[in-house]
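Structure record follows, encoded as C-alpha coordinates.
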Amino acid sequence: KQEVTQIPAALSVPEGENLVLNCSFTDSAIYNLQWFRQDPGKGLTSLLLIQSSQREQTSGRLNASLDKSSGRSTLYIAASQPGDSATYLCAVRVHQAGTALIFGKGTTLSVSS
Amino acid sequence: DAGVIQSPRHEVTEMGQEVTLRCKPISGHNSLFWYRQTMMRGLELLIYFNNNVPIDDSGMPEDRFSAKMPNASFSTLKIQPSEPRDSAVYFCASSFGGTTSSGANVLTFGAGSRLTVL
(Lines give C-alpha, C1' and ligand atoms only; values in the text may rest on other atoms or scores of the structure.)
Protein backbone atom coordinates (compact mmCIF):
# COMPACT_ATOMS: atom_id res chain seq x y z
CA LYS A 1 0.00 0.00 0.00
CA GLN A 2 1.40 3.37 -1.04
CA GLU A 3 2.16 5.76 1.83
CA VAL A 4 3.26 9.36 1.50
CA THR A 5 5.18 11.14 4.24
CA GLN A 6 6.06 14.81 4.51
CA ILE A 7 8.72 16.13 6.84
CA PRO A 8 8.75 18.48 8.65
CA ALA A 9 5.11 18.89 9.64
CA ALA A 10 5.68 22.59 10.25
CA LEU A 11 8.36 25.09 9.29
CA SER A 12 8.94 28.73 10.19
CA VAL A 13 11.40 30.89 8.25
CA PRO A 14 12.16 34.60 7.87
CA GLU A 15 11.27 36.35 4.65
CA GLY A 16 13.81 35.98 1.87
CA GLU A 17 15.08 32.58 2.89
CA ASN A 18 15.33 29.72 0.41
CA LEU A 19 13.72 26.53 1.69
CA VAL A 20 13.09 22.90 0.82
CA LEU A 21 10.05 20.81 1.64
CA ASN A 22 10.41 17.07 1.57
CA CYS A 23 8.09 14.29 0.43
CA SER A 24 8.76 10.56 0.47
CA PHE A 25 6.69 7.66 -0.84
CA THR A 26 7.00 3.95 -0.19
CA ASP A 27 6.27 2.51 -3.64
CA SER A 28 8.40 3.90 -6.46
CA ALA A 29 5.96 2.67 -9.13
CA ILE A 30 4.15 5.96 -9.49
CA TYR A 31 2.55 7.55 -12.54
CA ASN A 32 3.12 11.14 -11.46
CA LEU A 33 3.52 13.38 -8.42
CA GLN A 34 1.73 16.62 -7.72
CA TRP A 35 2.43 19.42 -5.25
CA PHE A 36 -0.47 21.46 -3.89
CA ARG A 37 -0.89 24.51 -1.74
CA GLN A 38 -3.74 24.89 0.75
CA ASP A 39 -4.58 28.14 2.49
CA PRO A 40 -6.49 27.96 5.80
CA GLY A 41 -10.15 27.16 5.24
CA LYS A 42 -9.67 26.86 1.50
CA GLY A 43 -9.40 24.17 -1.12
CA LEU A 44 -6.20 22.89 -2.70
CA THR A 45 -4.41 24.68 -5.51
CA SER A 46 -2.16 22.70 -7.81
CA LEU A 47 1.38 24.06 -7.98
CA LEU A 48 3.39 21.59 -10.02
CA LEU A 49 2.94 18.17 -11.56
CA ILE A 50 5.91 15.93 -12.36
CA GLN A 51 5.41 12.93 -14.63
CA SER A 52 7.25 9.76 -13.65
CA SER A 53 9.62 10.20 -16.60
CA GLN A 54 10.62 13.72 -15.53
CA ARG A 55 13.22 14.81 -12.99
CA GLU A 56 11.94 18.28 -12.20
CA GLN A 57 9.45 21.00 -12.95
CA THR A 58 9.72 24.74 -12.39
CA SER A 59 7.16 27.48 -12.00
CA GLY A 60 8.38 30.92 -11.00
CA ARG A 61 10.11 30.68 -7.62
CA LEU A 62 9.08 27.04 -7.21
CA ASN A 63 11.08 24.03 -8.31
CA ALA A 64 9.99 20.46 -7.71
CA SER A 65 12.27 17.48 -8.18
CA LEU A 66 11.51 13.80 -8.37
CA ASP A 67 13.76 10.82 -7.63
CA LYS A 68 11.60 7.76 -8.19
CA SER A 69 14.27 5.23 -7.33
CA SER A 70 14.69 6.63 -3.85
CA GLY A 71 11.00 7.46 -3.42
CA ARG A 72 11.57 11.16 -2.85
CA SER A 73 10.47 14.54 -4.08
CA THR A 74 11.43 18.01 -2.94
CA LEU A 75 9.75 21.37 -3.38
CA TYR A 76 12.23 24.23 -3.42
CA ILE A 77 10.91 27.72 -2.73
CA ALA A 78 13.29 30.55 -3.55
CA ALA A 79 13.27 33.93 -1.79
CA SER A 80 10.30 33.09 0.41
CA GLN A 81 7.62 35.72 1.03
CA PRO A 82 4.91 36.06 3.70
CA GLY A 83 2.37 35.25 0.99
CA ASP A 84 3.93 31.80 0.70
CA SER A 85 2.59 30.94 4.15
CA ALA A 86 0.28 27.96 3.67
CA THR A 87 0.20 24.18 3.93
CA TYR A 88 1.98 22.36 1.14
CA LEU A 89 0.82 18.87 0.24
CA CYS A 90 2.49 16.27 -1.87
CA ALA A 91 0.45 13.58 -3.64
CA VAL A 92 1.34 10.62 -5.82
CA ARG A 93 -0.77 9.01 -8.49
CA VAL A 94 -0.21 5.30 -8.67
CA HIS A 95 -0.38 3.29 -11.84
CA GLN A 96 -2.06 4.84 -14.84
CA ALA A 97 -3.89 8.04 -15.52
CA GLY A 98 -7.35 8.24 -14.02
CA THR A 99 -6.42 6.66 -10.72
CA ALA A 100 -6.59 8.50 -7.45
CA LEU A 101 -3.93 10.59 -5.72
CA ILE A 102 -2.55 9.48 -2.37
CA PHE A 103 -1.72 12.47 -0.18
CA GLY A 104 0.80 13.22 2.50
CA LYS A 105 -0.36 15.17 5.55
CA GLY A 106 1.43 18.30 4.47
CA THR A 107 4.00 20.78 5.72
CA THR A 108 2.64 23.99 7.20
CA LEU A 109 4.93 26.86 6.25
CA SER A 110 5.03 30.20 8.01
CA VAL A 111 7.12 33.02 6.51
CA SER A 112 7.61 36.01 8.77
CA SER A 113 8.30 39.52 7.51
CA ASP B 1 -14.54 27.76 -16.54
CA ALA B 2 -15.81 28.30 -12.98
CA GLY B 3 -13.77 25.40 -11.66
CA VAL B 4 -15.10 22.55 -9.55
CA ILE B 5 -18.24 23.71 -7.79
CA GLN B 6 -19.34 22.21 -4.48
CA SER B 7 -22.43 22.81 -2.40
CA PRO B 8 -23.23 23.48 0.32
CA ARG B 9 -20.07 25.21 1.55
CA HIS B 10 -21.10 24.70 5.15
CA GLU B 11 -23.55 22.25 6.66
CA VAL B 12 -24.48 21.88 10.30
CA THR B 13 -26.80 19.02 11.13
CA GLU B 14 -27.80 16.81 13.98
CA MET B 15 -26.79 13.25 14.46
CA GLY B 16 -29.04 10.87 12.55
CA GLN B 17 -29.94 13.30 9.80
CA GLU B 18 -29.28 12.67 6.12
CA VAL B 19 -26.61 14.81 4.47
CA THR B 20 -26.17 15.27 0.73
CA LEU B 21 -23.11 16.98 -0.71
CA ARG B 22 -23.03 18.02 -4.33
CA CYS B 23 -20.31 18.50 -6.91
CA LYS B 24 -20.13 19.85 -10.44
CA PRO B 25 -16.77 18.95 -12.05
CA ILE B 26 -14.99 20.99 -14.68
CA SER B 27 -16.55 20.53 -18.09
CA GLY B 28 -14.56 18.02 -20.12
CA HIS B 29 -13.01 16.30 -17.11
CA ASN B 30 -13.66 12.56 -17.12
CA SER B 31 -12.45 11.64 -13.61
CA LEU B 32 -14.10 12.74 -10.39
CA PHE B 33 -12.84 12.17 -6.88
CA TRP B 34 -14.33 12.60 -3.41
CA TYR B 35 -11.88 13.21 -0.54
CA ARG B 36 -12.40 13.83 3.16
CA GLN B 37 -10.00 15.97 5.22
CA THR B 38 -9.60 15.95 8.99
CA MET B 39 -6.82 17.21 11.22
CA MET B 40 -6.08 13.72 12.47
CA ARG B 41 -6.12 11.77 9.23
CA GLY B 42 -5.36 14.38 6.57
CA LEU B 43 -6.84 13.90 3.11
CA GLU B 44 -8.42 10.52 2.54
CA LEU B 45 -9.81 9.26 -0.74
CA LEU B 46 -13.40 8.09 -0.39
CA ILE B 47 -14.34 7.14 -3.94
CA TYR B 48 -13.57 8.04 -7.52
CA PHE B 49 -15.30 7.78 -10.86
CA ASN B 50 -14.00 7.49 -14.41
CA ASN B 51 -16.48 8.38 -17.15
CA ASN B 52 -19.29 8.35 -14.54
CA VAL B 53 -18.47 4.80 -13.42
CA PRO B 54 -17.31 4.17 -9.83
CA ILE B 55 -13.83 2.66 -9.99
CA ASP B 56 -12.70 2.40 -6.37
CA ASP B 57 -14.94 2.89 -3.35
CA SER B 58 -12.70 1.12 -0.88
CA GLY B 59 -12.25 4.36 1.01
CA MET B 60 -15.92 4.75 1.79
CA PRO B 61 -15.94 4.25 5.56
CA GLU B 62 -19.27 2.51 6.02
CA ASP B 63 -22.52 1.63 4.37
CA ARG B 64 -23.83 4.93 5.65
CA PHE B 65 -21.85 6.58 2.85
CA SER B 66 -22.92 6.42 -0.78
CA ALA B 67 -21.93 8.31 -3.91
CA LYS B 68 -23.46 8.65 -7.32
CA MET B 69 -22.54 10.23 -10.62
CA PRO B 70 -25.64 10.16 -12.83
CA ASN B 71 -23.96 12.18 -15.58
CA ALA B 72 -20.68 13.83 -16.49
CA SER B 73 -21.58 17.12 -14.85
CA PHE B 74 -22.91 16.09 -11.46
CA SER B 75 -22.07 13.92 -8.48
CA THR B 76 -23.45 13.50 -4.98
CA LEU B 77 -22.05 12.13 -1.74
CA LYS B 78 -24.71 11.08 0.74
CA ILE B 79 -24.35 10.20 4.41
CA GLN B 80 -27.31 8.53 6.05
CA PRO B 81 -27.57 8.56 8.99
CA SER B 82 -24.88 11.08 9.89
CA GLU B 83 -22.74 10.78 13.03
CA PRO B 84 -20.50 13.29 14.86
CA ARG B 85 -17.36 11.47 13.66
CA ASP B 86 -18.36 12.31 10.08
CA SER B 87 -17.55 15.96 10.80
CA ALA B 88 -14.87 16.98 8.30
CA VAL B 89 -14.27 18.94 5.13
CA TYR B 90 -15.35 17.00 2.07
CA PHE B 91 -13.60 17.85 -1.18
CA CYS B 92 -14.56 17.02 -4.72
CA ALA B 93 -11.87 17.10 -7.41
CA SER B 94 -11.76 16.40 -11.12
CA SER B 95 -9.20 15.80 -13.85
CA PHE B 96 -8.94 14.64 -17.42
CA GLY B 97 -6.72 11.89 -18.69
CA GLY B 98 -4.23 11.87 -21.50
CA THR B 99 -0.47 12.03 -21.77
CA THR B 100 0.37 14.98 -23.92
CA SER B 101 -2.27 17.63 -23.38
CA SER B 102 -1.31 20.52 -21.20
CA GLY B 103 -3.04 20.10 -17.87
CA ALA B 104 -3.69 16.41 -18.36
CA ASN B 105 -3.94 14.54 -15.06
CA VAL B 106 -3.74 17.73 -13.03
CA LEU B 107 -6.22 17.36 -10.20
CA THR B 108 -8.39 20.44 -9.63
CA PHE B 109 -10.17 20.75 -6.30
CA GLY B 110 -13.38 22.44 -5.31
CA ALA B 111 -13.51 24.75 -2.29
CA GLY B 112 -14.89 21.97 -0.10
CA SER B 113 -18.00 21.38 2.01
CA ARG B 114 -17.46 21.74 5.74
CA LEU B 115 -19.74 19.34 7.57
CA THR B 116 -20.46 19.55 11.27
CA VAL B 117 -22.60 16.85 12.84
CA LEU B 118 -23.79 17.69 16.36
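- Of the atoms belonging to B:Glu44, not a single heavy atom falls under 4.5 Å from chain A.
- With hydrogens and angles left out, the side-chain atoms of A:Ser85 and A:Ser110 include no donor and acceptor closer than 3.5 Å.
- Considering only heavy atoms from C-beta on, B:Leu21 comes within 4.5 Å of B:Pro8 through its side chain.
- Both the backbone and the side chain of B:Leu43 come within less than 4.5 Å of a heavy atom in chain A.
- Residue A:Lys42 touches chain B through its backbone alone, counting heavy-atom pairs closer than 4.5 Å.
- The aromatic rings of B:Phe33 and B:Tyr48 lie parallel to each other, their planes meeting at an angle below 30°, with 60° marking the opposite boundary.
- A continuous path of Ile, Leu, Val, Met, Phe, Trp and Tyr side chains, each step under 4.5 Å between heavy atoms, connects A:Leu101 with B:Ile55, placing both in one hydrophobic cluster.
- With a threshold of 4.5 angstrom between heavy atoms, B:Met39 does not approach chain A through any atom at all.
- Annotation: side chain of A:Gln38 is in contact with side chain of B:Phe91 (closest heavy-atom distance under 4.5 Å).
- In this structure, no portion of A:Gln6 lies under 4.5 Å from any heavy atom of chain B.
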